[in-house]
Q: 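This is the structure I have questions about; it appears just below.
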Amino acid sequence: MSSPLDHIIHLTSPGKLQETVCVFQEHGFEVLPGGKHADGLTENALIVLEDGVYIELIQFVQPLEQYQEGSPEWEARKDHWWASMKENGWIDYSLGDLTGPEDAPIGTTINERAKETGVNLEYDKGLEGGRIKPDGDILRWLVTFPAKQHLRGSVPFFCKDLTPRSRRVPWDKAGTAPTNKARIAAVTLKTTPENFMRYRSELSTVLGTSAEPSEDGRPGTAFWKLSSPASAGSIELYLQSAENTEETDWINSVAGIGLWEVAVRRTGSNNAQQFPSNIAQLKWD
């Protein structure tokens, strides 16, 4: 079963979420209030797009030094799966977990595929999480992450709704929910030339399909077609090796691989002013 792109995550510094929200609003995005996650460590706002994918703007509520060292809260903040991620940019992305009650867990399926193909890849068991919306509605889900030896964002995690997705994401195929007149066109990961083949193999194993070569035959580029909740094969996931010093420096700053750029296709207004790179690498397609 194909897993659609569910959401893309942007991390901002603690206390700076509203500033980031304002930047996205200034560039024509409608941003919805999200709420605080069940662990109390993070909170978010959502940009719902008309293809059913959403951008999650997230921040840690407090920096690590605000917690008493050694306390359970400090340990939880220190060990959070996004605690070490570079702030003010894209950090991770999620595919939808569409497995049913009779299916094997998504992580088990990927682990078996990796074992069969000899790829050094492992996913952990699913973890239940949730969020309380501003109106008090309690959302529940199950997230399946790659094991800790994998760099966060190098391969996707999976999100399975335990409460209806329509409560988590105000979107439906009929178009009755208000959404931004835009779609995700592409998501680009960047890595070093030395690690390109490794991550290509890992992504192919997770997605269950081989990568396609670049259309222009350029080495160090591969891509996969992803579905959105609205349509099949509408999004391209790129893996590219660094092409210049700027990209190499950035890759080194995120420990070897990261989510470099998101391309958005506007279907309404043509107002596509350049997005500030100090907030995120966002390209109008």
Side-chain angles (χ1 to χ4, degrees), residues 1-9 32 34-35 37-39 44 46 48-56 58 81-82 92-119 121-133 137-148 150 152-177 179 183-184 187 201-212 223-237:
M1 180 181 295
S2 175
S3 298
L5 181 63
D6 188 82
H7 64 284
I8 303 167
I9 300 174
L32 304 177
H37 290 98
D39 60 10
N44 67 5
L46 310 180
V48 182
L49 305 177
E50 65 179 359
D51 58 2
V53 180
Y54 69 94
I55 294 171
E56 179 179 13
I58 194 170
W81 45 80
W82 292 316
D92 214 342
Y93 60 112
S94 171
L95 303 186
D97 178 355
L98 304 183
T99 56
E102 303 302 318
D103 298 322
I106 189 70
T108 300
T109 299
I110 294 172
N111 291 343
E112 291 176 351
R113 193 183 296 148
K115 186 176 181 180
E116 291 171 359
T117 57
V119 174
L121 177 69
E122 181 183 359
Y123 273 72
D124 291 332
K125 292 182 179 179
L127 296 172
E128 189 167 334
R131 172 166 57 87
I132 302 175
K133 296 170 64 175
D137 188 17
I138 299 175
L139 308 178
R140 295 174 54 244
W141 54 70
L142 188 77
V143 286
T144 302
F145 287 106
K148 279 198 170 183
H150 302 289
R152 186 67 68 214
S154 62
V155 289
F157 69 97
F158 289 82
C159 183
K160 180 182 182 67
D161 287 291
L162 302 179
T163 49
R165 186 179 191 268
S166 59
R167 286 166 51 186
R168 178 169 63 93
V169 189
W171 173 88
D172 58 63
K173 288 185 177 180
T176 58
T179 57
R183 294 171 174 260
I184 299 296
V187 175
S201 296
E202 289 185 5
L203 283 163
S204 291
T205 301
V206 172
L207 300 174
T209 184
S210 298
E212 299 182 38
F223 74 94
W224 298 258
K225 290 283 189 179
L226 298 180
S227 299
S228 70
S231 59
S234 59
I235 300 167
E236 292 178 340
L237 173 65

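We number each residue from 1, following the sequence as shown. Excluded from the calculations below are hydrogen atoms, water molecules and symmetry mates; all remaining heavy atoms, backbone and side chain alike, are included.
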Q: Counting C-beta onward and ignoring hydrogens, is there a side-chain heavy-atom pair between Asp6 and Pro156 closer than 4.5 Å?
A: no

Q: Can you find a pair of side-chain heavy atoms, one from Leu5 and one from Leu237, that are under 4.5 Å apart?
A: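 Counting from C-beta outward, Leu5 and Leu237 never come under 4.5 Å.
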
Q: Would you find a donor on one side and an acceptor on the other, under 3.5 Å apart, between the side chain of Asp92 and the backbone of Phe157?
A: no

Q: Determine whether Val169 and His7 make a side-chain contact, defined as any pair of heavy atoms from C-beta on separated by less than 4.5 Å.
A: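 Counting from C-beta outward, Val169 and His7 never come under 4.5 Å.
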
Q: Measure up the Trp82 and Phe145 rings against each other and bin them: parallel (under 30°), tilted (30 to 60°), perpendicular (over 60°).
A: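 Because their plane-to-plane angle is over 60°, the rings of Trp82 and Phe145 count as perpendicular.
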
Q: With a 3.5 Å distance limit and no angle check, can you tell me whether Asn111 reaches the backbone of Tyr123 through a side-chain donor-acceptor pair?
A: yes

Q: State whether the side chain of Asp124 and the backbone N or O of Thr144 hold a donor-acceptor pair below 3.5 Å, judged by distance alone.
A: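 A pair under 3.5 Å: no.
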
Q: What's the verdict on side chain to side chain contact (heavy atoms under 4.5 Å, CB included) for Leu226 and Val187, showing C-alpha distance, side-chain angles and the deciding distance?
A: CA-CA 10 Å; Leu226 298 180; Val187 175; 6.0 Å; no

Q: Just wondering, are more than 12 heavy atoms of other shown residues or ligands nearer than 6.0 Å to NZ in Lys115?
A: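 Atom NZ in Lys115 is not crowded, with 12 or fewer foreign heavy atoms closer than 6.0 Å.
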
Q: Just checking Leu162: does its CG atom have more than 12 heavy atoms from other residues, nucleotides or ligands closer to it than 6.0 angstrom?
A: yes

Q: Please give me the minimum heavy-atom distance between Leu203 and Ser154, naming the atom from each residue.
A: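 For Leu203 versus Ser154, the nearest heavy atoms are CD2-O, 3.7 Å.
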
Q: So which atom in Gly52 and which in Arg165 form the shortest heavy-atom distance, rounded to 0.1 Å?
A: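 Between these two residues, the closest heavy atoms are O-NH2, 2.9 Å.
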
Q: Grab the two heavy atoms, one from Ser228 and one from Val53, that are nearest each other, plus how far apart they are.
A: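 Answer, listing the atom of Ser228 first, then Val53: CB-CG2, 3.9 Å.
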
Q: Backbone N or O of Ile138 within a donor-acceptor pair of the Arg167 side chain at under 3.5 Å?
A: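 At least one qualifying donor-acceptor pair exists.
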
Q: Please identify each residue that fulfils salt bridge (charged side-chain N to carboxylate O under 4.0 Å, His left out) with Glu56, with sequence neighbours left out.
A: none

Q: So Pro146 and Glu202, do their side chains get closer than 4.5 Å, heavy atoms only?
A: no

Q: Any non-hydrogen side-chain atom of Leu207 less than 4.5 Å from a side-chain atom of Ser3?
A: no

Q: Do Asp103 and Lys160 sit within salt-bridge range, that is, some charged N less than 4.0 Å from a carboxylate O?
A: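 No.
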
Q: Taking all non-hydrogen atoms of both residues into account, name the closest pair between Pro170 and Val48 and its distance.
A: CD-CG2, 3.9 Å

Q: Counting only N and O atoms by type, is there a donor-acceptor contact under 3.5 Å from the side chain of Arg131 to the main-chain atoms of Gly34?
A: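 Flag set: sc Arg131 to bb Gly34 pair under 3.5 Å.
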
Q: Please answer whether the main-chain N or O of Glu122 pairs with a side-chain N or O of His150 as donor and acceptor at a distance below 3.5 Å.
A: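 At least one qualifying donor-acceptor pair exists.
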
Q: I'd like to know if the side chain of Trp141 and the backbone of Thr163 have a donor-acceptor N/O pair within less than 3.5 Å.
A: no

Q: Check whether any side-chain heavy atom of Ile9 sits under 4.5 Å from a side-chain heavy atom of Arg152, and report yes or no.
A: no

Q: Looking only at heavy atoms, what is the nearest atom pair of Ser204 and Ala211, with distance?
A: OG-N, 3.5 Å

Q: Are the side chains of Phe158 and Val206 in contact, using a 4.5 Å heavy-atom criterion?
A: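 Answer yes - side chains close enough.
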
